[in-house]
Structure formats: C-alpha cells, structure tokens
Amino acid sequence: MWQPSKLELERLEKAERLQDQGLELYPARITRSHRIADAIALFLRAEAEAQVDDDGEHNAEVIEVTVAGRIRRLNPKGKVSFAHIEDESGRVQLFLRVNAIGDEDYELIRHKLIDVDDFVEASGPMMRTRTGEVSVNAAEIRLISKALTPLPVVKQQRQADGTIIEYGEFKDTESRYRQRYADLAVNKRVRDIFVKRARTIKALRDFLDGEGMLEVETPVLQPLYGGAAARPFTTHHNQLHEDLYLRISFELYLKRLLVGGYDAVYEIGRDFRNEGVSYKHNTEFTMLEFYKAYIDYNGVMDITERMFAYTAEQVTGSSEIVYQGALIDLAPPWKRVSIREAAQELLGFDYMDYPTGEALYTYLHSRGLAEGLDRDDTWGRMIVEHILGNHIEHRLIQPTIIKDYPRDMSPFAKRIHGDDAPADEKERRYIESHTERFEFFIAGMEMGNAFTELNDPRDQQERFVEMKRLYAEEADETTPLDEDYLRAMRYGMPPNGGFGSGVDRMVMLLTDQTSIRDVLLYPHLRSQQLTEADLRGQFMLDAAVRGFEYRLDYKLDGSKRQIALLLPAPNVGVEFRLANALAGSLAQLQNLRAAFDGDLHVLTEEALYAIGDDLIAVAAADFWRSLR
RNA sequence: GGGCGCGUGGCGCAAUGGCAGCGCAGUUGACUUUUAAUCAAUUGGUUGCAGGUUCGAGUCCUGCCGCGCUCACCA
C-alpha cells in the first residue's frame with residue numbers, strides 16, 4: 001500500500017484543499033476543441049493571412065481554442081503567470097492574467113494548488129506574448145487531473161537555433177525502465193522512439209501486404225517448439241494436464257500453411273527465448289517471418305533489400321540512415337557474398353582447404369585467430385560462429401548479405417544447387433556441404449536469416465536426426481523431432497523461400513539506439529528487492545483488508561542495535577515493542593508478516609526481550625490476534 | 001555464469017577514513033510579458049541491504065540485492 005513521501009503529502013494536502021473548494025480533481029468530461037499542434041497551426045495560418053488595414057493594424061482572425069494537457073512548466077507571478085502545457089502533439093504556453101481568469105482561479109495558480117505535472121484544460125484566444133511566443137490567452141483554466149506524485153524534474157532551455165538543452169535530466173536507466181511511464185512523460189525523445197517503432201511495424205505490414213502476402217497468426221503456446229536453436233520457456237495447461245512451450249519461432253507453423261495452399265504468408269509477433277540478455281537480446285522479442293512459394297533465397301534477398309529500403313523511407317524519410325555516426329545506405333542492391341568469399345576477402349584464406357574441424361582449428365590457431373574457439377566444435381560451427389561471428393560480422397557496417405552456410409548449421413535449408421556439377425573435387429565437396437541460406441548484417445549486427453526452404457520430407461527427417469546426433473550432448477533439451485511437421489511436408493510443400501528477422505533490431509537501426517532495451521517499452525528486468533516502504537505497505541494492506549485502522553512503524557534503537565515495532569491502534573491503545581529483532585532484515589520482516597496468518601500462542605512483552613530473532617514473528621502474530 | 005564499474009534527499013551530482021554538502025524541484029513571501037524567470041527565507045538524507053575492520057566508515061574489507069558495460073551462451 002502506498003506510503004506517501006513528503007512531496008506527495010504536500011500534494012495530497014493541496015488536493016484536499018482543492019476539494020474543499022468544491023473543485024472536482026478528476027472530472028469525467030473535458031471539452032478540448034483542438035490538439036495543441038493544431039491550435040498553433042491554425043493561429044499561424046490566420047496570422048499569415050491577416051490583412052494590414054489602413055491604420056496599419058493587423059486584422060488576424062481570432063482563433064478561439066480549448067486545449068488540454070500536462071503542465072510541464074509553471075512560472076507563477078503576482079498578477080500574471082505563465083505555464084507550458086503539453087499533449088502528444090506538442091507544447092503551448094498559457095498566458096494567465098488575473099484580470100482574465102478571475103481572482104479565485106488565479107489564486108490556484110499563484111499558490112501552486114495547481115502544480116507542474118497536473119493536467120489542465122484552458123480556453124481562450126490564441127495570441128503572441130510580448131516576446132513573440134505563441135500562447136493561449138486563457139480566459140478559463142480548469143484542473144482535469146491532479147498529479148499526486150511529482151515527475152522527475154527536467155528543465156529545458158530552448159536555444160536561439162531551436163536546439164533544446166536539458167537540465168536535471170531523468171537518466172537513471174534502472175528507474176527509467178522500471179517506471180517507463182515517467183520516462184515517457186518526461187523524455188520526449190523516448191516517446192519519439194516508440195512512435196517510430198509503431199511506424200516501422202506498420203511499414204513492414206504495408207510492404208508485405210503489397211507483396212501479396214497473407215498475414216496470419218499461429219500459436220504462441222506450442223506442444224513442441226522448433227524452428228530455431230534456443231531453449232524455450234515451459235508452462236503448463238492445468239485442465240489438459242499438458243506441458244506447453246512458449247514459441248521460439250513461427251517457422252514450422254507458417255510453412256505448414258504453404259502445404260495448405262497459401263502462396264505466401266507472414267507473421268509479426270512475439271517469440272520467447274530462455275537465453276541470456278544483451279544489448280541485442282531480450283527474453284521476449286518481436287519477430288517477423290515470411291514464407292513465399294515459388295521463389296528461392298535469391299528471391300528472398302530481393303524482397304529483403306526492398307523491404308528494408310521501403311521501411312527506412314517510411315520511418316525516417318530516406319533509405320539512407322545514420323547509425324552511431326555512420327552513414328548507411330539501405331537502397332538495393334546490397335553486397336552479396338558467400339561466407340567463403342567473405343573469409344577469403346577479409347581474412348585471406350579458403351576454409352575449404354581445411355575441410356575438418358581439426359584442420360580448421362589448427363590453421364586458425366596458427367594464424368592467431370583461434371582465441372575463444374573451442375577445438376571440439378563442429379566444422380560448421382567454427383565457420384559460422386567463430387569465423388563469421390567473431391571475425392567478420394562486426395566489420396559489416398553497410399548492408400551485406402552473407403550466403404551459403406555449412407549444412408550442419410542449417411537444418412531447414414536446401415543444399416546448394418549449382419547449374420552443373422563441378423568437376424573439381426574441392427568445389428564438389430563445397431556444394432555438397434553447404435546450403436542455400438543467408439544472413440544479412442547492418443551496422444555490424446545480424447539482422448535476419450533466410451533460406452531456400454527444405455521441402456523434401458525425407459531429407460528433412462534426415463536433418464532432424466543429424467541435428468540430434470551432432471548437438472545432443474550439448475543441448476539441455478534436444479530439439480524435438482516434429483512428426484506432424486514432417487507429415488505436413490509429405491502431403492507436398494511447394495518450393496519456397498523463407499525469411500526471419502528481429503524487428504527490435506530493425507527499430508534500433510532506424511532510431512539510432514545501441515540497446516534493445518531502449519526500443520522496448522518494458523524491457524525485462526529482475527524483480528526488485530522489497531524495500532522497507534514496500535513491506536510497510538504490505539502490513540498496511542493486510543490491516544486494511546482485515547478492517548483495522550492502524551499504523552505500523554518501526555525504528556532502530558541504536559544503543560541496543562534493536563528494532564522496535566510500534567503498532568499503535570486506535571481504540572486498542574496498544575504500543576507494542578518487539579526487541580532484539582531483525583535489525584532491519586527484510587527477509588525476517590517478511591517472515592514476520594507471513595506469520596500473522598499462523599496459529600501461535602501468546603507471549604508477553606517481557607518475554608520478547610528474552611527470545612531470539614526467529615521468535616519475533618511468533619510474538620507479532622499473537623499481537624495481531626489480540627487486536628481481533 | 002565470469003570480469004569491470006555503479007548504487008548518497010523527488011531528479012541531477014559532491015564529499016584525502018574525521019560535522020553528509022550543492023543545484024534543480026518542494027515550502028513561505030514578493031513580482032501584470034516570463035520562458036532553466038528572478039529575489040529573500042526555508043523543509044527534507046539511519047548514503048541499496050546485512051555483517052566486519054577502526055577511537056571514528058558514504059569512503060576500507062566480506063556477503064547479498066539491483067542496474068550498466070563486457071565476455072561466455074544464443075545450430
């Protein structure tokens with residue numbers, strides 16, 4: 001239960017005073033006529049169209065408005081005051097003159113019964129103040145929602161060139177994430193990020209719809225998980241007595257739909273992976289996947305390039321974006337190279353010359369490139385995770401498609417299909433051991449993954465088995481073999497190309513953010529340790545639920561290193577002292593609270609001094625019962 | 001999970017082991033064109049939690065909690 005701070009108590013008192021004056025603090029209806037930005041635009045237009053008459057006076061049309069918003073700046077003065085209010089569209093100044101709004105309302109402003117952070121509604125004609133700022137010359141002002149907790153203080157100074165300097169910025173990352181509402185309320189640029197996020201997703205939908213793809217929704221709760229290599233979250237359906245998994249990808253469900261007769265489907269939704277978090281990983285994240293029949297991965301590459309360029313244009317106005325100071329051009333065509341070519345180009349060797357894990361490790365080691373590499377890794381993993389992941393990925397700033405992945409890393413991708421079988425032994429081995437898969441990288445970050453999808457059920461079954469054999473020992477739970485998926489494929493699946501991409505990373509790119517947490521409204525954080533205030537609140541809640549009106553408090557007795565719990569209750573008149581307790585140990589306070597429900601015998605106050613910490617809970621429980 | 005760093009009034013930050021301070025916000029008063037308004041006075045902190053060393057701990061040590069960065073993990 002809420003324990004008001006000093007600042008909050010002050011505001012509560014103001015709220016009571018306002019109520020005593022007969023004001024409604026939270027009215028149900030307001031009468032806004034214009035968004036703030038629209039009001040300003042109307043005024044500027046009227047001003048521009050104004051005629052200059054014979055006396056040299058401007059005859060601009062009078063723009064009467066009623067605007068509403070949160071007070072973000074308040075400058076109360078003796079007889080004339082100023083406030084800035086803000087709605088989603090923008091900010092406008094209120095010009096508040098005692099003559100115009102009347103003594104009674106003016107007093108509310110002058111003595112700050114209406115505070116910064118409150119929502120108000122103001123009516124009057126638009127005007128310019130002497131310094132030229134467009135303002136509402138308020139004839140009326142009305143409180144429409146009282147803020148009892150003040151927002152973090154952020155002051156802004158607008159420079160002559162329009163830039164805004166902030167003072168006392170709200171920037172503690174933990175507080176910002178835990179109280180995102182306060183972050184958003186105070187930091188306009190944070191609000192802007194999520195506007196762009198919404199636009200990104202809308203642009204992606206528009207694009208894919210335009211490509212003739214059908215948007216579908218597939219299960220989040222799945223009896224089997226698959227389509228990616230990640231540990232899932234497990235949950236349980238009570239009535240069905242069945243364990244279920246939160247999906248780690250949409251892949252297998254979407255491809256079943258191609259069997260069903262749709263030519264192209266896509267889904268934008270949440271995936272959940274029970275893995276570590278990082279600047280580019282969150283436990284739940286937004287995924288985009290599409291599958292389109294009758295194209296291969298080259299076709300997917302074309303769509304990818306156009307989709308990213310289109311989305312960037314819709315969101316930022318240009319397919320050229322700036323990310324962390326680097327100019328990045330998303331317009332097609334992008335550079336397309338195989339992993340093999342990229343390694344040749346950037347690292348100067350052909351990994352096909354080292355065709356086993358052992359040989360490759362030995363070579364990389366001799367080049368000094370083996371740091372962090374596990375010599376027992378498979379050949380394919382060394383190439384993808386180590387060579388690409390550790391030595392190439394971070395260099396790929398401009399959009400780059402890296403294609404043709406080792407087969408054992410790509411269980412849902414078709415083998416490379418060349419026009420002719422190469423005569424050369426090495427090239428033949430290359431084609432046999434690689435698949436038509438590509439990943440693409442922008443700003444040194446993996447942005448997505450795509451294949452020419454495997455549609456041969458016999459081959460697919462083999463791959464499932466192969467994966468199990470290769471990775472069984474290290475997988476905590478081996479990726480399950482999905483028999484139903486194989487059955488679907490046996491009915492006949494059209495040749496198709498598939499695509500998957502993390503939408504959050506795309507938003508990072510388009511909003512110039514370096515952490516995925518800054519593009520998620522509510523990034524996952526560990527639960528907070530209970531604070532004193534929380535626990536007191538819990539006690540009070542218990543009290544309220546049980547119908548007692550009393551206050552619980554405790555303080556440290558410094559000399560004895562003891563804590564005292566004072567439980568004064570009106571009509572009971574008991575002041576109880578628990579000694580030797582806990583000394584602030586929250587865990588023990590919690591036990592104490594839990595014990596209120598216990599069935600325990602009565603102890604006297606004197607006895608409390610004699611007993612150890614653990615028994616304090618017992619005593620507290622008895623005290624509680626004595627009140628009942 | 002490993003390494004490094006951080007945690008001090010509502011917010012932003014100080015404090016060679018020696019009286020816990022400053023700015024903003026708040027409170028009271030003044031001010032009829034302010035805009036980080038200004039001026040005067042003023043309230044508010046058991047320094048994340050628990051131990052330890054010390055005459056003395058915000059500061060040093062140990063453990064825990066939380067956050068950030070980084071490494072590992074993420075076919």
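A, B, ... follow the sequence lines: proteins, then strands. Residue 1 opens every chain. These figures come from a predicted structure and were not determined experimentally.
Pairing of B/rC60, defined by two Watson-Crick or G-U wobble distances under 3.5 Å, is identified with B/rG52. In this structure, B/rG66 forms a base pair with B/rC6, meeting either the Watson-Crick or the G-U wobble geometry with both donor-acceptor distances under 3.5 Å. Pairing partner, B/rA40: B/rU28, with both Watson-Crick or wobble hydrogen-bond distances short of 3.5 Å.
Residue-level contact check: A/Pro76 touches the bases, meaning some heavy atom is under 4.0 Å from a base atom. Using a 4.0 Å heavy-atom distance criterion, A/Lys14 is classed as a sugar-phosphate-only contact. When heavy atoms are screened at a 4.0 angstrom cut-off, A/Phe95 is found touching base atoms of the nucleic acid. Among the protein residues, A/Arg407 comes within range of no part of the nucleic acid, since none of its heavy atoms lies under 4.0 Å from any strand. Residue contacts for A/Asp172: at a heavy-atom cut-off of 4.0 Å it reaches the sugar-phosphate backbone alone, with no base atom in range.
The side chain of A/Arg73 places no N or O atom within less than 4.0 Å of a non-bridging phosphate oxygen (OP1 or OP2) of B/rU34. Side-chain nitrogen and oxygen atoms of A/Arg526 include at least one within less than 4.0 Å of the OP1 or OP2 phosphate oxygen of B/rG66. Residue A/Arg11 has no polar side-chain atom (N or O) positioned under 4.0 Å from OP1 or OP2 of B/rG10. Taking 4.0 angstrom as the limit, A/Arg178 places a side-chain polar atom (N or O) nearer than this to OP1 or OP2 of B/rC67. Contact check, A/Arg517 against B/rC69: a side-chain N or O comes under 4.0 Å of OP1 or OP2. Dashed line: the shortest gap from a side-chain N or O of A/His111 to OP1 or OP2 of B/rU28 is not under 4.0 Å. Contact between the side-chain N/O atoms of A/Lys79 and the OP1/OP2 oxygens of B/rA30 is not found at any separation under 4.0 Å. The phosphate of B/rC11 (OP1 or OP2) has no side-chain N or O of A/Lys155 nearer than 4.0 angstrom.
Spacing between atom CD of A/Glu13 and atom P of B/rU27 amounts to 10 Å, rounded to whole angstrom units. Regarding A/His84, its NE2 atom lies at a distance of 9 Å from the P atom of B/rA36, rounded to whole Å. Atom pair A/Leu12:CG and B/rG10:C1' shows a separation of 15 Å (rounding to whole Å applied). Atoms CE (A/Met127) and C1' (B/rU33) sit 8 Å apart, rounded to a whole Å. Look at CG on A/Leu151: it is 20 Å from P on B/rC24, rounded to the nearest Å. Per the geometry, CD1 belonging to A/Ile248 stands 11 Å off C1' belonging to B/rC74, to the nearest Å. In this entry the distance linking CD of A/Glu439 with P of B/rC74 reads 14 Å, nearest Å.
Along RNA chain B, the nucleotide nearest to A/Lys171 and the one nearest to A/His281 differ in position, and the one closer to the 5' end is contacted by A/Lys171. Both A/Phe170 and A/Ile165 lie near RNA chain B, and the one whose nearest nucleotide falls closer to the 5' end is A/Phe170.
Taking atom P on both B/rG5 and B/rC60, the two are 11 Å apart, rounded to the nearest angstrom. Straight-line distance between the P atoms of B/rG48 and B/rA14: roughly 14 Å, to the nearest whole Å. Separation of the C1' atoms belonging to B/rU16 and B/rU59 is 10 Å when rounded to the nearest angstrom. Rounded to whole Å, the separation between the C1' atoms of B/rU8 and B/rG21 comes to 10 Å.
With distances taken from any side-chain atom of A/Glu10 to the nucleotides B/rU34, B/rG26, B/rC69, the minimum falls on B/rG26. With B/rC69, B/rA37, B/rA36 as the candidates, the nucleotide lying closest to the side chain of A/Asn75 is B/rA37. Side-chain atoms of A/Val98 lie closest to B/rU32 of the nucleotides B/rU32, B/rA25, B/rA37. When distances run from any side-chain atom of A/Lys77 to the nucleotides B/rC31, B/rG26, B/rC67, the shortest one goes to B/rC31. When each of B/rG26, B/rU33, B/rC74 is scored by its nearest atom to the side-chain atoms of A/Thr129, the top-ranked nucleotide is B/rU33. Among B/rC73, B/rC31, B/rC74, the nucleotide with an atom closest to any side-chain atom of A/Arg381 is B/rC74.
A salt bridge links A/Arg11 with A/Asp117: the distance from a Lys NZ or Arg NE/NH1/NH2 to an Asp or Glu carboxylate oxygen falls below 4.0 Å. Remark: A/Arg189 engages A/Glu169 in a salt bridge, criterion side-chain N to carboxylate O under 4.0 Å. Using a 4.0 Å cut-off between a side-chain N of Lys or Arg and a carboxylate O of Asp or Glu, A/Arg191 and A/Glu86 qualify as a salt bridge.
Atom CZ of A/Arg375 sits in a sparse spot, with 12 or fewer heavy atoms from other residues, nucleotides or ligands closer than 6.0 Å.
Side chain A/Arg128 to base B/rU33: no donor-acceptor pair is found below 3.5 Å. For B/rU43, the base has a donor-acceptor partner in the side chain of A/Lys6 [N/O atoms by modelled type, under 3.5 angstrom]. Donor-acceptor pairing under 3.5 Å, judged by distance alone, is present between the side chain of A/Gln93 and the base of B/rU34.
Taking 4.5 Å as the limit, every side-chain heavy atom of A/Pro4 sits out of range of all side-chain heavy atoms of A/Leu148.
Side-chain N/O atoms of A/Glu140 and A/Ser123 include no donor and acceptor closer than 3.5 Å.
Under the 6.0 Å cut-off for aromatic ring centres, A/Phe82 and A/Phe95 qualify, their centroids lying closer than that.
With a 6.0 Å cutoff to the six-membered ring centre and a 45° limit on the axis angle, A/Arg180 does not count as a cation-pi contact of A/Tyr522.
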